[in-house]
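The structure appears right after this line, and notes come after that.
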Amino acid sequence: MKHATHDCPVPFCRETRTRWQAVCPSCWKRLPADLRSRITEAKEKRARHLEAKAAIEATRWLTENPQGRATARVIGDASIAPP
């Protein structure tokens, strides 16, 4: 059976995720370990409400910490670095 895919909920991310994933694999790798743990633990407990809250918080974190910020710090591009 083919899994239904959805767009990743993170703004400006153009990747897809399967129905049961909080975010796409690329965004998942960028999440801090504590957020990944909260989502995983909620899934294991089958606590959908906690899983949903953690997924929303993960999306919020990824939105507030876009990938370009880390790149700007590494390459020293002041035009895209955070204030």
Side-chain angles (χ1 to χ4, degrees):
M1 180 175 172
K2 188 175 181 179
H3 292 286
T5 58
H6 302 279
D7 293 334
C8 181
V10 179
F12 305 110
C13 180
R14 297 184 181 175
E15 295 193 35
T16 58
R17 63 182 176 89
T18 57
R19 182 173 58 94
W20 52 269
Q21 291 176 312
V23 294
C24 71
S26 295
C27 289
W28 181 260
K29 290 176 189 174
R30 291 180 41 223
L31 282 175
D34 63 323
L35 281 174
R36 289 194 309 257
S37 296
R38 285 180 47 206
I39 293 169
T40 302
E41 288 171 12
K43 259 184 207 198
E44 289 171 354
K45 294 178 184 176
R46 297 183 185 257
R48 299 279 185 225
H49 64 292
L50 295 177
E51 183 181 347
K53 284 182 181 180
I56 291 167
E57 190 173 331
T59 301
R60 184 178 302 128
W61 187 91
L62 288 162
T63 302
E64 292 171 356
N65 299 281
Q67 195 166 8
R69 283 188 180 182
T71 304
R73 288 187 185 120
V74 171
I75 64 172
D77 187 351
S79 66
I80 61 172

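- Under the 3.5 Å distance criterion, the side-chain polar atoms of Arg36 are matched with a main-chain donor or acceptor of Leu31.
- Here the side chains of Phe12 and Pro66 are not in contact, with every heavy-atom distance at 4.5 Å or above.
- Put simply, the side chain of Lys43 gets close to the backbone of Trp20: a donor and an acceptor are under 3.5 Å apart.
- Taking 4.5 Å as the limit, some side-chain heavy atom of Trp28 sits within range of a side-chain heavy atom of Ile39.
- Across all their heavy atoms, Arg17 and Asp7 have their closest contact at NE-O, 3.4 Å.
- Taking the side chain as every heavy atom from C-beta outward, Cys24 and Thr16 never approach each other to under 4.5 Å.
- Between Glu44 atom CD and Ser37 atom OG the span is 9.5 Å, to the nearest 0.5 Å.
- Salt-bridge formation is detected for the pair Glu51/Arg48: a Lys NZ or Arg NE/NH1/NH2 atom is positioned less than 4.0 Å from an Asp or Glu carboxylate oxygen.
- To the nearest 0.5 angstrom, Leu62 atom CG is 7.5 Å from Cys8 atom SG.
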**Item:** Stepwise side chain to side chain contact (heavy atoms under 4.5 Å, CB included) check, Gln21 with His6
**Value:** CA-CA 9 Å; Gln21 291 176 312; His6 302 279; over 6 Å; no
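- The structure places CZ of Arg38 at 8.5 Å from CG of Leu50, a figure rounded to the nearest 0.5 Å.
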